[in-house]
Amino acid sequence: MENSLGPAPSLLEVRGISKSFGAVRALQEVDFTLRAGEIHALLGENGAGKSTLIKVITGVFPRDAGVVRLGDEEVATRSAKAALQAGIATVYQEVNLLPNLSVAQNLFLDRQPMRFGIVREGEMRRRAKALLTEFGLDIDVAAPLGSYSVAIQHVTAIARAVDLSARVLILDEPTASLDRHEVEILFGIMRQLARRGIGIVFVSHFLDQVYEISDRITVLRNGRLVGERETASLPRLELIRMMLGRELAETTGARAAANDHPPREICASFENYGKTGYVAPFNLELRHGEVVGLAGLLGSGRTETARLVFGAERADGGQAKVDGASLRLQSPRDGVRHGFGYCPEERKTDGVVAELTVRENIVLALQAKRGLHRPLSRREQDELARRYVKMLDIRPPDAERPVGLLSGGNQQKVLLARWLATAPRLLVLDEPTRGIDVGAHAEIIRLIRELCDDGLALLVISSELDEIVTYSDRVVVLRDRAHVEELSGEAIDVTNILAAIAADGAAMQEARA
Amino acid sequence: MKGLPPVLITAIVLVAGFVLCALQFPNIASTRVVGNLLTDNAFLGIVATGMTFVIISGGIDLSVGSVIGFTTVFVALAIERWGMPPLVAFVAILALSAAFGAAMGAIIHVFDLPPFIVTLAGMFLARGASFLLSTESVPITAPVYSTVSDFAFRMPGGGRLTAIAIIMLTIVIGGVLLLRLTRFGANVYALGGGRATASLMGVAVGKMTVKIYMLSSLLAGIAGIVFSFYTSAGYSLSAVGVELDSIAAVVIGGTLLTGGQGSVIGTFLGVLIQGMIQTYINFDGTLSSWWTKIATGVLLFAFIALQQGLVALARRPVAKRAGAVS
């Protein structure tokens, strides 16, 4: 089924690519064809080989076997630079720009406008400004990139790639950190670029977006090609079956009715808790065996609330109580001592320690909680690692593998395992399913439910409203750094949440519906 | 990226220090003293300029002091014993030191080794090689040396702007321009921001690493020649510890030791601050010259603490700028 090439000219042809890391065969004889002017979604579960394929095409990893042809020429992509020059530009999931350089320098690094060997700073800024305007961004391009939000950094990365006069543009999870409005802008630009004849590879785990934007879909599973289809003629269930290789009985199932349980004990409560200029004071009760969802747009104060609750940020007003007793919550250390756990959104920078092994990452929080005087023996560590690798189905099941080599979904599981090992009473999860594909997505949601049934209190942030509706017993909606509404029981559905978020923005509701 | 606040603070420290010194010893505020300060610290200014590039790129070069030592011995022997014309000797040693730096850069890149270790090895190598050439101080009597030493612009007030001070100022200005205005300079910052990311963005990280260490060693070579003009001799024990003085100047000048931010101007001010402390101690006459080191140490500590504070502050405004997507 993979060789049903249409008549449209193929732009990028990948034939028989194989790649191994030690004993792990990451890619086995994968074919991939990208036509000029199409938007081609590349899908697969965590560890299916999407990232590896992209890195092989762009020359970040050398390939073991196979051919990459761009147009009529074979591309000997040995370095990222060579691939760029050939016309293959990539925007990775995690923003790969330099926070210490100005926005303009980031856009034009290594290709600044020059005169007599000197960078024309003014000209460069003017061009940067003009370029970003196309993307609906009007910012000071002379300021360091690091002073802007992740969304802006991401748009900058895409602008840079687009401007590299690429023939092939690879977008690896470009929408993961964008809100709906930004996604619309990005899709508009993608369509415009496709009309210009640029081939776009779109990697995403948002299936809605895949159906909205892509012309064709290629699915990988366990490093092998499953198939290539026209998007229009591929039913969603069939797609999910291709990705998972197993029947998925209605992605996640229905939410356990909240009213089944008797009123539960309060685990932690926050009264008038807040910080000036960070999050407006809020009241929040977290109960054992209950999932509280935090919904809102990017920058609405969700992460900020989570950080206050965990103690990563100090509140300047209000009171926090655990089991009725008020407590001091000034640092993550205090949070950990009271049995709180926090899985942050930025896995790469705030979460896992990429150089350490799975085992070392898992025992990190537990060891910190016990203190240096009571080290965990190697046997205990191995035992813990083995248990959680099995329980959370971390793949590959090798506890001695550096976490940096795992896929995003598996890194998330390691992070989860780290906190579970400390037997917390309250776990805060910030976008636990970000950058994770369907299968792992369902798995993480199942885990959230199980943890909850075990009596854990959970505070979960997610941009995916369907997801929040699925597992939350209560949903707190945020807007403009304030808690604006709390929904519970039957009131929890996507429409109500959207209404609360978009109380003053009807466009938002339209876009989602 | 501009790194202005730390540089401003360095400038304020320098001016305030100078005013304080001048209040106590009015003679300090003269072109004579300033001219001498530039001359005495010419070699340090040159080598610290190269060090600035290395540190902004996220590396370190511990070999520069030894390269200066080796250069003085090589130049002295080449001119006095081997009968080379001075100009040929200069070209030879500059080629040699540039190749030395390029080799260190290549090793750092190819074997992915920490610059600290590679340049530490380079430091021992260069120092050892200079002892191999000669263990004794070799005086240089070539006429060009006395010509250069005597050459100076008279400044109003009787100060002398010597040839080696002019060389230093030229190199500092060249360094400022190279770092600020060229693609090479932007790539130096890029490397300091993240090697892997810079590589993904198309910067030829390997070539850049080689060039940066080559530049540092080349400037160390020039500093060595300047040092030989300054002392009219070649001695294998000269410029011991200069690598640390230059790192101190770079850090006092507001360059982040972790890379990614900094400026050559700041480094120049850092050199002047060290020179000023030295001058003050000379004027005082009763203090041991080692007080220079103590004062430098205190300043260094203060500046690192300050940088941490600034870095913490710089992380805050993220929230304010969020949501600028229209």
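Letters A, B, ... are given to chains in the order of the sequence lines, protein chains preceding strands, and every chain is numbered from 1.
- Atoms CD1 and OG1, from A:I118 and B:T182 in turn, are 8.5 Å apart once rounded to the nearest 0.5 Å.
- At least one side-chain heavy atom of B:M201 sits less than 4.5 Å from a side-chain heavy atom of A:N106.
- Interatomic distance, A:Q112 CD to B:L181 CG, rounded to the nearest 0.5 Å: 11.5 Å.
- B:N187 and A:D110 make their closest contact through ND2-OD1, 3.3 Å (heavy atoms, listed as atom of the first residue, atom of the second, distance).
- For A:N100 (side chain) and B:Q261 (main-chain N/O), no donor-acceptor pair under 3.5 Å exists by modelled atom type.
- Between A:E121 and B:R180 the shortest side-chain heavy-atom distance does not fall below 4.5 Å.
- In this structure, chain B has heavy atoms under 4.5 Å from both the backbone and the side chain of A:L97.
- Of all the heavy atoms in A:L98 and B:G194, the pair that sits closest is CD2-N, 3.6 Å.
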